[in-house]
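Just so you know, residue 1 is the first one in the sequence shown, and it goes up from there. Heavy-atom basis, side chains included; hydrogens, waters and symmetry copies ignored.
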Amino acid sequence: MLLTLTTTHSPATDLGFLLHKHPGRVHEVTMPFGTARVVYPDASEERCTAALIVDVDPIALVRDRKRGPRGRDASLEQYVNDRPYAASSFLAVALGKVFGTALSGRSKERPEMAQAALPFEVRLPVLPCRGGEVVLRRLFEPLGYRVNARMIPLDEQFPDWGPSRYLDVTLAGSLQVQEVLQHLYVLLPVLDDEKHYWVDETEIDKLLRRGGSWLAAHPEKDLITRRYLRYNRRLLDAALARLLEEDVVSDPDEEAESRDAEEAAVEKPISLNAQRLDAVVAAVRTAGARSVADLGCGGGNLLGRLLKDTDVERILGLDVSHRALEAAARRLHLDSMAPRQRQRIDLAQGALTYLDARLKEFDAATLIEVVEHLDPPRLGALERAVYGYAQPKTVIVTTPNREYNTLFAGLPAGSLRHRDHRFEWTRSELAEWAAQVADRFGYRMQISGIGPADEALGAPTQLVTFTRQGPPK
Ligand code: SAH
């Protein structure tokens with residue numbers, strides 16, 4: 001079985017330092033089930049490829065099993081199977097062993113490079129994929145990869161026989177080497193949906209160690225955890241509970257609708273929602289944006305307004321919640337929309353705490369009442385994904401002004417406006433956040449208020465317009 005990892009970051013041969021494997025040598029490691037080798041078929045300044053080749057010895061496997069607790073099942077399948085060829089848990093285990101240091105994020109010679117997002121391409125020529133390309137995309141796209149997959153037919157000579165369960169896959173993206181290795185380590189056995197070893201408690205630790213920082217917010221967290229732990233209910237519950245502690249994005253699906261209604265009721269007397277939309281649409285117009293990504297679009301509140309604005313040619317609504325996207329599709333009548341109108345808008349599921357190539361090349365991004373739904377420690381990931389990676393010319397953010405809350409008659413003292421809000425900022429807290437984000441990512445920022453302003457407490461909603469200073473990096 002084979003996996004190649006290529007970078008075009010210059011000098012590309014530095015990949016050897018990142019992986020702790022010199023490009024000029026063949027590295028060989030003996031595993032209980034065969035041999036793992038790393039070689040570099042391509043090592044120039046411009047492009048460097050490391051190949052991990054794992055030779056699984058099916059006879060050794062059978063022998064191993066006989067030594068184990070159950071010497072059962074002397075069928076032909078033990079000898080004739082796909083394990084020597086298909087990227088599976090064997091490959092993941094070999095990857096963990098051979099690239100252990102890189103996997104834990106360390107690099108002796110190039111520490112700053114190990115922390116940087118670099119252009120990587122991963123090729124898996126024979127990837128078993130339960131659920132097919134759809135599942136493959138659902139697993140890798142939210143992590144920021146462009147996915148290219150070719151179905152491998154059961155027999156190249158007889159296409160009528162239909163597809164095999166294998167795909168020839170290329171994943172490309174700009175990520176840290178550690179992230180790429182972690183994603184493969186966890187997701188290869190998930191795609192294969194098999195494991196060659198017995199799964200127990202230690203598997204939860206492995207999953208959290210390799211997946212902790214990205215899995216908690218992955219939209220397919222449940223599927224990944226379920227398959228990784230081989231559907232063991234007890235392990236699964238324990239793992240999900242631990243992931244929840246790291247969780248970032250609240251799962252908005254369940255109670256979201258009633259909570260939204262609550263927030264609307266609190267703010268209703270001043271029809272803040274309508275004023276907010278007017279202010280955002282005005283800011284989009286002032287920016288002269290022709291394409292807008294509405295991040296955390298929810299039920300499509302702003303999307304409907306943007307569709308009416310004929311200057312905006314391309315609209316993307318992104319949300320982590322599938323239920324919210326379904327509501328948006330219904331509200332906008334996407335399925336009965338005239339084709340020309342329909343072409344202008346896309347809805348997509350994704351988490352804002354991930355780099356997402358789909359968000360690149362928009363003139364403006366809007367975050368309307370979204371940032372306060374993230375746990376403060378995860379805001380940095382959103383900043384990196386939006387300002388650092390997607391880098392739209394304009395970013396428009398709205399968020400409540402906490403100081404104003406005492407003026408809402410329906411809101412008990414000290415509460416936030418929405419049960420899912422993780423925080424609400426005062427005016428000076430917002431100003432501080434916005435200034436440091438602008439400074440770090442090369443934006444200029446301007447803050448204004450939305451709704452009737454109180455002399456002492458300010459306006460109920462705050463709006464920040466960020467404008468990128470230079471060309472995108
Ligand atoms: N912008 C909409 C919805 C605001 S509610 C409006 O003004 O009506 C906040 C929305 O952010 C919810 O739909 C929630 O699902 C989404 N959200 C929260 N955290 C997210 C994340 N990390 N990535 C993507 N969407 C997220």
Side-chain angles (χ1 to χ4, degrees), residues 267 270-319 324-325 327-329 331-334 337 340-348 350 352 356 358-373 382-383 385-401 430-431 433-434 437-438 441-451 453 459-472:
E267 293 182 342
I270 50 175
S271 73
L272 197 50
N273 186 44
Q275 296 187 44
R276 188 154 50 218
L277 291 181
D278 289 342
V280 172
V281 170
V284 168
R285 283 214 190 108
T286 309
R290 291 300 174 97
S291 53
V292 180
D294 186 24
L295 309 179
C297 63
N301 205 2
L302 177 64
L303 298 175
R305 287 289 301 270
L306 290 173
L307 276 170
K308 291 200 190 104
D309 194 326
T310 46
D311 285 345
V312 179
E313 290 154 9
R314 191 160 66 97
I315 303 166
L316 172 70
L318 181 110
D319 204 285
L325 292 171
R331 172 188 193 150
L332 302 170
H333 303 291
L334 274 202
M337 207 179 247
R340 275 195 50 193
Q341 191 74 333
R342 182 67 190 81
Q343 267 178 9
R344 292 171 61 208
I345 183 157
D346 269 319
L347 296 182
L352 289 166
D356 188 336
R358 294 171 299 180
L359 305 185
K360 280 199 172 261
E361 277 150 40
F362 279 91
D363 294 339
T366 49
L367 287 156
I368 308 311
E369 308 292 291
V370 171
V371 291
E372 65 275 11
H373 289 261
L382 177 142
E383 291 159 14
V386 175
Y387 300 86
Y389 180 72
Q391 302 180 52
K393 179 88 186 128
T394 307
V395 184
I396 298 163
V397 175
T398 74
T399 191
N401 164 17
L430 171 77
W433 173 78
V437 166
F441 295 100
Y443 281 76
R444 191 159 36 82
M445 66 95 184
Q446 199 184 10
I447 302 182
S448 55
I450 301 175
T461 300
Q462 328 190 60
L463 181 145
V464 196
T465 306
F466 294 89
T467 313
R468 191 173 68 244
Q469 290 303 73

task = Apply side chain to side chain contact (heavy atoms under 4.5 Å, CB included) to the pair L352 and V370, showing each step before the final yes or no.
result = CA-CA 10 Å; L352 289 166; V370 171; 4.0 Å; yes
query = Can you name the residues that form a side-chain hydrogen bond (donor to acceptor under 3.5 Å, both in side chains) with Q341, not counting sequence neighbours?
reply = R344
inquiry  = Which residues pass the side-chain hydrogen bond (donor to acceptor under 3.5 Å, both in side chains) test with E361, not counting sequence neighbours?
reply    = none
request  = Evaluate the criterion side chain to side chain contact (heavy atoms under 4.5 Å, CB included) for residue pair R468 and T394; output intermediate values, then yes/no.
outcome  = CA-CA 6 Å; R468 191 173 68 244; T394 307; over 6 Å; no
message = Tell me every residue that passes side chain to side chain contact (heavy atoms under 4.5 Å, CB included) with A289, counting only those two or more places apart in sequence or in another chain.
response = V284, V292, D363, A364
key: Partner set under side chain to side chain contact (heavy atoms under 4.5 Å, CB included) for A348, not counting sequence neighbours   = L316, L318, R358
request  = Please round to the nearest 0.5 Å and tell me the distance separating atom CD of Q462 and atom CD1 of I447.
outcome  = 7.0 Å
Distance-only check: which donor-acceptor pairs under 3.5 Å involve side-chain atoms of residues 296-309, not counting sequence neighbours?
{"from": "N301", "atom 1": "OD1", "to": "N273", "atom 2": "ND2", "distance (Å)": "3.3"}
{"from": "N301", "atom 1": "ND2", "to": "N273", "atom 2": "OD1", "distance (Å)": "2.8"}
{"from": "R305", "atom 1": "NH1", "to": "D278", "atom 2": "OD1", "distance (Å)": "2.9"}
{"from": "R305", "atom 1": "NH2", "to": "D278", "atom 2": "OD1", "distance (Å)": "2.9"}
{"from": "D309", "atom 1": "OD1", "to": "D311", "atom 2": "N", "distance (Å)": "3.2"}
{"from": "D309", "atom 1": "OD2", "to": "R285", "atom 2": "NE", "distance (Å)": "2.9"}
{"from": "D309", "atom 1": "OD2", "to": "R285", "atom 2": "NH2", "distance (Å)": "3.3"}

request  = Hey, could you give me the CG/CG distance between L325 and L347, rounded to the nearest 0.5 Å?
outcome  = 6.0 Å
ask   = Do I396 and L367 come close enough that some side-chain heavy atom pair is under 4.5 Å?
value = no
query = Between atom CD of Q275 and atom OG1 of T461, what is the distance when rounded to the nearest 0.5 Å?
reply = 8.5 Å
query = Can you name the residues that form a side chain to side chain contact (heavy atoms under 4.5 Å, CB included) with T467, not counting sequence neighbours?
reply = K393, R444, T465
query = So do V464 and Q446 actually touch side chain to side chain, heavy atoms under 4.5 Å?
reply = no
note = Hits for side-chain hydrogen bond (donor to acceptor under 3.5 Å, both in side chains) against E383, two or more places apart or cross-chain, chain-then-number order -> W433, R440
message = List the residues meeting side-chain hydrogen bond (donor to acceptor under 3.5 Å, both in side chains) with Q343, not counting sequence neighbours, and say none if there are none.
response = none
query = If you look at every heavy atom in M445 and A434, which pair is closest and at what distance?
reply = SD-CB, 3.8 Å
task = Report the residues that fulfil salt bridge (charged side-chain N to carboxylate O under 4.0 Å, His left out) with R290, sequence neighbours left out, ordered by chain and then residue number.
result = E313
query = Partners of A279 by side chain to side chain contact (heavy atoms under 4.5 Å, CB included), sequence neighbours excluded?
reply = I450, L463
request  = Measure from NZ or CZ of R314 to the centre of the six-membered ring of F362, then state whether that distance is under 6.0 Å and the direction lies within 45° of the axis.
outcome  = yes
task = Measure the OH-CZ distance between Y387 and F466 for me, rounded to the nearest 0.5 Å.
result = 3.5 Å
ask   = Quick one: does T399's side chain get under 4.5 Å of L430's, heavy atoms only?
value = yes
ask   = Roughly how far apart are I368 CD1 and L295 CG, rounded to 0.5 Å?
value = 9.0 Å
ask   = Can you name the residues that form a ring-ring contact (aromatic ring centres under 6.0 Å, His included) with Y389, not counting sequence neighbours?
value = none
